[in-house]
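Within every chain, numbering begins at 1; the chains are lettered A, B, ... in the order of the sequence lines, protein sequences first and strands thereafter.
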Amino acid sequence: MLDLKRIREFPEDIRTAIGNKNERGDIDAVLDVDRRRREIIAEVEQLKNTRNVVSQEIARAKKSGEDASARIEEMKGVSDTIKQMDDELRACEEQLRGLLLLLPNTCHPSVPVGRSDADNVEIRSWIPEHSVGLNEEAEYRLLDHLELGKKLGILDFDRGAKLSGSGFPLYTGDGATLERALINFMIDVHRREHGYREVFPPFVVNSDSMYGTGQLPKMTEDMYRCADDDLYLIPTAEVPITNMYRDDILDTEQVPSYFCGYSACFRREAGSYGKQTKGFLRVHQFNKVELVKFVRPEQSYDELESLVVHVENILRLLSIPYRVRLLCTGDTSFSSAKTYDLEVWAPAEKAWLEASSCSNFEDFQARRANIRWRPDGPKSKPEFVHTLNGSGLATSRLMVALLENYQTPEGTVIVPKALHPYTGFTVID
RNA sequence: GGAGAGGUGGGUGAGUGGCUGAAACCAACGGUUUGCUAAACCGUCAUAGUGGGAAACUGCUAUCGAGGGUUCGAAUCCCUCCCUCUCCGCCA
């Protein structure tokens with residue numbers, strides 16, 4: 001949610017910023033409703049003041065045995081008017097909130113203005129020595145992850161589809177173990193090396209939580225919902241972890257706080273059939289380790305840089321080629337002010353696959369979820385924190401890159417060294 | 001699923017129609033005292049909206065789980081909903 005005062009003060013800037021994001025938002029409506037709202041407030045509060053004062057007089061009069069019936073009669077009318085105006089005010093505020101919830105975050109000035117993926121900017125890349133197929137052809141035909149999965153008996157998309165539908169992967173044997181190893185490995189690195197506190201969140205949340213991080217009201221179509229209980233399956237652990245502190249005021253020393261957590265992630269991916277749907281490239285359920293930070297506003301951009309480095313570190317430890325891209329305004333998501341994507345190289349696909357997205361939301365989510373802190377000790381006035389998160393990382397795309405990069409000419413897959421303590425085996429054959 | 005209890009400020013917890021934005025205690029913060037630590041004492045100690053002011057600050061309004069009702073006036077009475085806890089049943 002954007003700051004209403006800021007919209008009042010700089011409506012043109014906001015309009016431009018929203019346009020740059022390929023979004024729309026009715027700034028005029030916001031300003032109109034807000035003006036109307038403040039008019040009503042001025043009037044109704046005057047009346048309430050009168051009512052309070054006169055009620056005191058009535059109390060006093062009654063105590064001393066005077067007749068107060070004239071004033072009581074008068075206040076009946078005042079109360080009725082107040083009731084009407086309160087209704088009108090509530091309607092205004094609901095309308096205003098509805099409008100504000102639909103406005104996207106604005107991008108940071110360092111984000112390049114652009115319309116699509118083509119305008120994203122590569123920041124850096126990292127290619128380990130053993131990599132094949134990035135610039136040169138491999139000496140043998142590379143199998144893609146589907147072929148490898150089938151050949152090695154570690155992925156069974158057909159049976160996954162039988163159980164749940166397409167896009168619900170089934171891992172079997174060493175594939176299941178490898179998946180679990182990846183998750184544990186990543187969490188351990190983040191908690192041991194990078195200073196994140198581990199949480200294991202619920203995988204379903206209520207609608208307040210979904211509003212808090214910005215999935216609702218715009219992304220309704222993309223979420224699985226348990227209608228009987230009005231609960232939603234989380235699309236990312238970002239939702240429960242960020243909402244841990246919804247409606248809270250954090251102490252000075254609680255900021256910054258860093259959390260990492262595993263969750264299964266559920267996405268309906270409505271309307272995306274036909275693109276890149278094979279195997280792991282687009283699924284309805286996947287596993288992800290998420291990083292979430294609650295930080296001091298003035299440090300949030302430094303925190304974004306370190307967040308990206310933490311994710312990169314996982315890929316380096318696994319020795320998987322990747323590149324970091326800064327998303328342009330048009331490609332930056334609704335809630336984000338600045339986003340870096342990390343893409344892993346899949347040599348058989350000959351494609352970069354998005355495996356992580358690291359974003360600074362500034363105070364956009366904090367404002368929606370009402371997450372504040374006291375910047376300067378217990379007496380100081382609460383301010384909104386800045387929130388950030390990044391996938392650290394999603395295993396589905398990572399698994400594709402891992403299998404394809406670590407395959408041998410014989411069609412087996414070497415397990416990266418870093419995972420050996422977690423798998424207990426060093427090769428999948 | 002059945003039965004019951006309860007939701008008040010950072011915490012505990014008083015408060016059944018007006019003098020209660022809310023006692024008291026604890027925690028926290030500032031200070032006094034004190035060889036040091038501790039103790040004692042004094043003071044401060046919610047949030048939001050809206051207006052005035054350059055600002056420090058200040059007026060008003062709202063808020064005792066949420067919403068509605070009764071009333072001149074509601075933390076307090078009535079209704080609906082939500083949540084938490086306990087016991088029983090069922091189950092991993």
Side-chain angles (χ1 to χ4, degrees), chain A residues 1-9 30-101 200 202-212 216 225-232 240 243-255 257 264 294 363 366-385:
Chain A
M1 197 142 63
L2 297 176
D3 182 7
L4 182 55
K5 293 200 184 88
R6 192 176 144 219
I7 299 176
R8 259 182 229 152
E9 234 174 305
V30 169
L31 294 174
D32 281 350
V33 176
D34 176 50
R35 208 171 298 123
R36 176 71 191 131
R37 166 180 155 268
R38 282 185 294 159
E39 279 169 19
I40 298 172
I41 286 173
E43 251 181 279
V44 76
E45 290 197 345
Q46 185 57 50
L47 288 177
K48 284 179 180 175
N49 181 240
T50 307
R51 181 180 66 183
N52 289 345
V53 169
V54 175
S55 288
Q56 292 294 323
E57 287 172 18
I58 291 170
R60 230 172 292 133
K62 281 201 162 176
K63 211 167 208 175
S64 56
E66 290 171 43
D67 173 48
S69 51
R71 274 174 290 188
I72 289 178
E73 209 43 49
E74 186 193 342
M75 282 309 104
K76 273 186 190 172
V78 171
S79 269
D80 286 345
T81 312
I82 289 175
K83 205 163 288 177
Q84 277 173 25
M85 296 188 70
D86 268 346
D87 286 345
E88 208 181 326
L89 180 60
R90 195 170 315 112
C92 267
E93 292 191 324
E94 256 171 53
Q95 197 185 348
L96 186 60
R97 181 173 165 77
L99 290 166
L100 288 174
L101 284 174
F200 203 123
F203 293 178
V204 295
V205 298
N206 56 32
S207 60
D208 284 346
S209 298
M210 284 299 193
Y211 276 101
L216 286 178
R225 173 160 175 256
C226 313
D228 285 348
D229 306 288
D230 196 26
L231 292 171
Y232 296 83
N243 277 283
M244 284 197 299
Y245 292 127
R246 173 153 47 83
D247 293 322
D248 274 350
I249 300 177
L250 301 176
D251 295 333
T252 306
E253 61 274 14
Q254 281 180 281
V255 178
S257 283
F294 301 85
D363 64 4
R367 208 175 276 282
R368 286 182 163 234
N370 194 25
I371 305 170
R372 294 175 293 169
W373 71 304
R374 297 187 192 274
D376 194 24
K379 294 284 170 194
S380 58
K381 195 173 152 52
E383 284 176 16
F384 292 110
V385 297

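At least one side-chain nitrogen or oxygen of A:Ser79 sits closer than 4.0 Å to the OP1 or OP2 atom of B:G73. For B:C60, the OP1/OP2 oxygens have no side-chain nitrogen or oxygen of A:Asn49 closer than 4.0 Å.
Remark: A:Ile72, A:Met75, A:Lys76 in residues 66-78 of chain A come within less than 4.0 Å of RNA chain B through at least one heavy atom.
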Below 3.5 Å, can you tabulate the donor-acceptor pairs from side chains in residues 89-100 of chain A to any protein atom, sequence neighbours excluded?
from, atom 1, to, atom 2, distance (Å)
A:Arg90, NH1, A:Asp87, OD1, 3.4
A:Glu93, OE2, A:Arg37, NE, 3.2

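The closest side-chain donor-acceptor pair between A:Ser209 and A:Asn206 falls under 3.5 angstrom.
Between A:Asp230 atom CG and B:C81 atom P the separation is 16 Å, expressed in whole Å. Distance CG (A:Asp80) to C1' (B:G73): 14 Å, rounded to an integer number of Å.
Under the rule for a side-chain hydrogen bond (donor to acceptor under 3.5 Å, both in side chains), the partners of A:Asp67 that lie at least two apart in sequence or sit in another chain are A:Ser69. A:Asp230 meets the side-chain hydrogen bond (donor to acceptor under 3.5 Å, both in side chains) test with A:Arg225; sequence neighbours excluded. The side-chain hydrogen bond (donor to acceptor under 3.5 Å, both in side chains) test applied to A:Asp251 returns no partner, not counting sequence neighbours. Residues forming a salt bridge (Lys or Arg N to Asp or Glu O under 4.0 Å) with A:Glu57 (at least two apart in sequence, or on another chain): A:Arg71.
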Do any N or O atoms of the protein come closer than 3.5 Å to N or O atoms of nucleotides 15-25 of chain B, and which pairs are they?
from, atom 1, to, atom 2, distance (Å)
B:G18, N2, A:Ser55, O, 3.2

Distances under 3.5 Å between protein N/O atoms and the N/O atoms of nucleotides 65-69 of chain B, please, pair by pair.
from, atom 1, to, atom 2, distance (Å)
B:G68, OP1, A:Arg90, NH1, 2.9
B:G68, OP1, A:Arg90, NH2, 3.1

Tabulate atom names and distances for all N/O pairs under 3.5 angstrom spanning the protein and nucleotides 75-80 of chain B.
none

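Pairs engaging residues 73-85 of chain A under the salt bridge (Lys or Arg N to Asp or Glu O under 4.0 Å) rule: A:Glu73-A:Lys76 [sequence neighbours left out].
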With both pairing distances under 3.5 angstrom for Watson-Crick or G-U wobble, and | for a partner in another strand, the correct string for RNA chain B is ((((((((.[[[..)..(.....]]].(((((.......))))).(((((((....))))))).[[[[[..)....]]]]])))))))....
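Backbone-only engagement by A:Asn52 is indicated by non-hydrogen atom pairs under 4.0 Å involving sugar-phosphate atoms exclusively.
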List the protein contact pattern of nucleotides 41-55 of chain B with one symbol per nucleotide (5' to 3'): B for base contact, S for sugar-phosphate-only contact, - for none; contact means a heavy-atom distance under 4.0 Å. ---BS-SSBSS----
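Nearest heavy-atom pair across A:Arg246 and A:Ala369 is CG-O, 3.2 Å.
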